[in-house]
Amino acid sequence: MTAKKNAALGPLTKVPTGIQGFDELSHGGLPRNRTSLVMGGPGTGKTVFALQALVNAARERKQPGIFVAFEEGVDEIFANSATFGWRLPALAKSELFFFDARLSPTVVQSGEFELSGMLAILKAKKQDLGAGWIVFDGIDVLLALLQNPGAEMREIYRLRDWLAHNDLTAIITAKVDGDTSGPANYGFMQFMVDCVIRLDRRLEETIPVRRLEITKYRGSDFAPGEFPLSFDAHGMEVAAPETAMPHEASTERVSTGFERLDSMLGGGLFRGSSTLITGAPGTSKTTLAGQFAESACRRGERTLFVSFDEGGERIRRNLTSVGIHLDAHVKSGLLRMYSGRTDVTNPEDHLIRIAALLREHQPRCMVIDPLSAIGKGSALSSARAIGNRLIYKVRDHEITAVITSLVDIDDPQAEATDLQIPTIADSWIHLSYLVRGGERNRALTIIKSRGTQHSNQVRELVLSATGPALADVYSSGGEVLMGTLRWEKEAEESARKLQRHADFSHKRRELQFAEADIHARIAALQVDLDRQRAELALYTRDAEARHVSSGEWKNELRRMRSADAATAAPGAGKRRAGRISANSVKNNDKELKRGS
């Protein structure tokens, strides 16, 4: 029977509802010219879903529609929907027809009621408008008045047959009875329709949570499971998961806002990456995030700053004390700030509102401060799922994000977070306290940075009126010192250095004096040596002069005595002269010795 019916309807085609997220979950929208059932408890959004689909069809695709109200009056519907800005009274003049089908119990129970008369009116109106959509809102209210199971079944099947012959994309809303999964007393309706959508509202840790689930869709696949549902100024929105993965991994670097941290990260953050900053309260997580946001705005990049449990004005005021000024960027429109309370709003609502801001503002950079806040008012498993989906959504939009998260304050060495965000973050910066010497100092370290040769040093984070800064690493005895201890150690090292310099200068002067004394003594000895050499030379010349003078005197004496040198034996004169010369030298040496 079902196969014959579907064959008569032709191949399945879908029409979008225009409800953000639902068309992605249903892979196209509702089945065209078929019937869909929207069921749920009070306040889950059944009427809003049906009305929003009807309004979007009329506005965006110029498809007129009919709204049949069994529970509320038309004026009530107009008043309740005014907050969404749909302008139903204007649409009711041309595109939409609202039919008040409320009946009194006396009329229904008298046996004079059946749907055939109403359906005839609706058929005429459909032909007059050229309607392609119809909504039966709260039909279970009407059927409950019949108080006759046979009559109820008869009217339901009458409605099914009428819809099958009028080529209308129909939505029927019905209430869920307590904790059951079907409409009150009308579970068989789920078997009659082609698509079943279940809306749910429950409390998790005192926070109201709404969910949407597609439980049936004939002839089509759909996203299984429950998905967060929320309402904003434009109506209903479903947080559909991102299915497409980005194909490119950017190698462009984005500055964190100050140069030294960029150097520790190997040049900055990768464009489109997510960076997690963890730490106990007061470790300056928001300061680093604000520095990143200001740097992005200075580059002319649109930025979204999401803060939980603290207003944007307070954050901007506090950041001015460390030289970070965001007011001008908010006024220019480059910076958009969203602040949410986690004690009254469930994480799904925050996720949907942030997704809407991403579509509206189209940021290139983003700050979430602190993401761990969403785990305070909801179940941990739910908060983890929302946190992961939020990071994946930011990553899929190729937004460079800085996300802060609190760690356990009772354990100063704790680094992990309850939401387990570090496992999917690209970079992880941890801030901690170092309490020594009667003071508390901030320390920064990079735990991981995928694809980057990052620093493994623990650096002191110093805050001043000119902004955050990283001090040079100072270690002594294998321990990194910060604050006053570092100052005292540096002063001690400086005094030691000055003393060593003074000692060195004194030793150098002593050496200079010794060198001068030695050079002076060497010079005096050299002078004395030269004097002795000169005297020796003088004595040698005098001896030679005496030898020559003695020879000449003897020759003159021989000449005066008329000595005959020729009568002497051959060589005797020479031998004699030689003996005389030798004797003369010996005599001269003796005289020199006596003189000395």
Side-chain angles (χ1 to χ4, degrees), residues 2 5-40 45-70 77 86 88 91-92 94-99 101 115 118-119 121-139 156-174 189-199 212 214-222 235-236 238:
T2 302
K5 174 188 172 185
N6 290 341
L9 290 174
L12 177 68
T13 57
K14 298 182 180 182
V15 288
T17 63
I19 298 174
Q20 185 66 41
F22 176 79
D23 293 339
E24 288 79 4
L25 296 178
S26 60
H27 298 172
L30 297 177
R32 183 182 182 86
N33 294 338
R34 300 192 186 186
T35 303
S36 299
L37 173 65
V38 179
M39 58 184 186
K46 302 180 298 297
T47 302
V48 175
F49 182 97
L51 263 177
Q52 192 168 346
L54 207 65
V55 169
N56 290 335
R59 281 182 174 178
E60 298 172 8
R61 294 180 298 279
K62 303 302 180 183
Q63 297 175 355
I66 299 172
F67 189 91
V68 182
F70 290 102
I77 294 173
W86 291 338
L88 293 183
L91 289 174
S94 57
E95 301 290 339
L96 299 179
F97 173 66
F98 289 87
F99 185 79
L115 289 176
M118 181 190 70
L119 295 178
I121 297 173
L122 295 177
K123 182 175 182 179
K125 197 65 182 177
K126 172 213 176 242
Q127 294 173 347
D128 182 38
L129 283 176
W133 289 72
I134 191 168
V135 171
F136 292 94
D137 184 45
I139 196 171
I156 287 292
Y157 280 104
R158 188 195 306 275
L159 177 61
R160 181 200 66 176
D161 294 339
W162 184 85
L163 290 172
H165 289 89
N166 281 277
D167 294 333
L168 286 167
T169 302
I171 299 175
I172 299 176
T173 70
M189 292 179 62
Q190 298 184 62
F191 300 97
M192 295 173 49
V193 299
D194 295 282
C195 178
V196 178
I197 302 160
R198 185 174 184 274
L199 305 180
L212 180 146
I214 301 174
T215 62
K216 172 185 175 180
Y217 206 133
R218 283 181 181 148
S220 172
D221 60 345
F222 54 89
M236 176 182 293
V238 184

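Treat the numbers as computed from the prediction; the structure is a model and nothing was measured.
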List for me each residue that meets side-chain hydrogen bond (donor to acceptor under 3.5 Å, both in side chains) alongside [X], sequence neighbours excluded, and say none if there are none.
X	value
Gln63	Trp133
Ser220	Lys14
Thr169	none
Asp23	Thr17

Nearest 0.5 Å please: distance from the [atom1] atom of [X] over to the [atom2] atom of [Y].
X	Y	atom1	atom2	value
Leu159	Phe136	CG	CZ	5.0 Å
Ile19	Gln52	CD1	CD	4.5 Å
Ser36	Ile197	OG	CD1	5.5 Å
His165	Arg160	NE2	CZ	10.0 Å
Asp167	Arg32	CG	CZ	9.0 Å
Met39	Ile172	CE	CD1	12.5 Å

Tell me, with the steps shown, if Val38 and Leu199 meet side chain to side chain contact (heavy atoms under 4.5 Å, CB included).
CA-CA 7 Å; Val38 179; Leu199 305 180; 3.9 Å; yes
Would Leu96 and Val55 satisfy side chain to side chain contact (heavy atoms under 4.5 Å, CB included), going step by step from the backbone distance to the final call?
CA-CA 8 Å; Leu96 299 179; Val55 169; 4.2 Å; yes
With sequence neighbours excluded, tell me which residues meet ring-ring contact (aromatic ring centres under 6.0 Å, His included) with [X].
X	answer
Phe22	Phe49
Trp162	none
Phe222	none

Mind checking whether [X] and [Y] have side chains closer than 4.5 Å, heavy atoms only?
X	Y	result
Leu12	Asp194	no
Tyr217	Pro31	yes
Met192	Leu37	no
Trp86	Leu54	no
Ile134	Asn166	no

Kindly give the heavy-atom pair with the smallest separation between [X] and [Y], and that separation in Å.
X	Y	value
Leu30	Cys195	CD2-SG, 4.4 Å
Arg61	Pro16	NH2-O, 2.7 Å
Ala50	Thr173	CB-CG2, 4.1 Å
His27	Glu24	CD2-O, 3.1 Å
Arg218	Lys216	NH2-NZ, 3.2 Å
Gly130	Pro64	O-CD, 3.8 Å

Using the salt bridge (charged side-chain N to carboxylate O under 4.0 Å, His left out) rule, collect all pairs that involve residues 121-139, keeping only residues at least two apart or in two chains.
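Of all non-adjacent pairs touching residues 121-139, those that pass salt bridge (charged side-chain N to carboxylate O under 4.0 Å, His left out) are Lys125-Asp128.
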What residues, two or more places apart in sequence or in another chain, satisfy side-chain contact (heavy atoms from CB on, under 4.5 Å) together with Ala69?
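Partners of Ala69 by the side-chain contact (heavy atoms from CB on, under 4.5 Å) criterion, ordered by chain and then number, come out as Phe67, Ile77.
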Would you say Glu60's side chain and Gly18's backbone share a donor-acceptor pair under 3.5 angstrom?
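Looks like no, no N/O pair under 3.5 Å.
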Mark yes when over 12 heavy atoms from residues, nucleotides or ligands other than Arg59 sit less than 6.0 Å from its CZ; otherwise mark no.
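Atom CZ in Arg59 is packed in, count exceeds 12.
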Working note: Ile66 + Leu168, criterion side chain to side chain contact (heavy atoms under 4.5 Å, CB included); need CA distance, chi angles, decisive distance, verdict.
CA-CA 10 Å; Ile66 299 172; Leu168 286 167; 5.7 Å; no
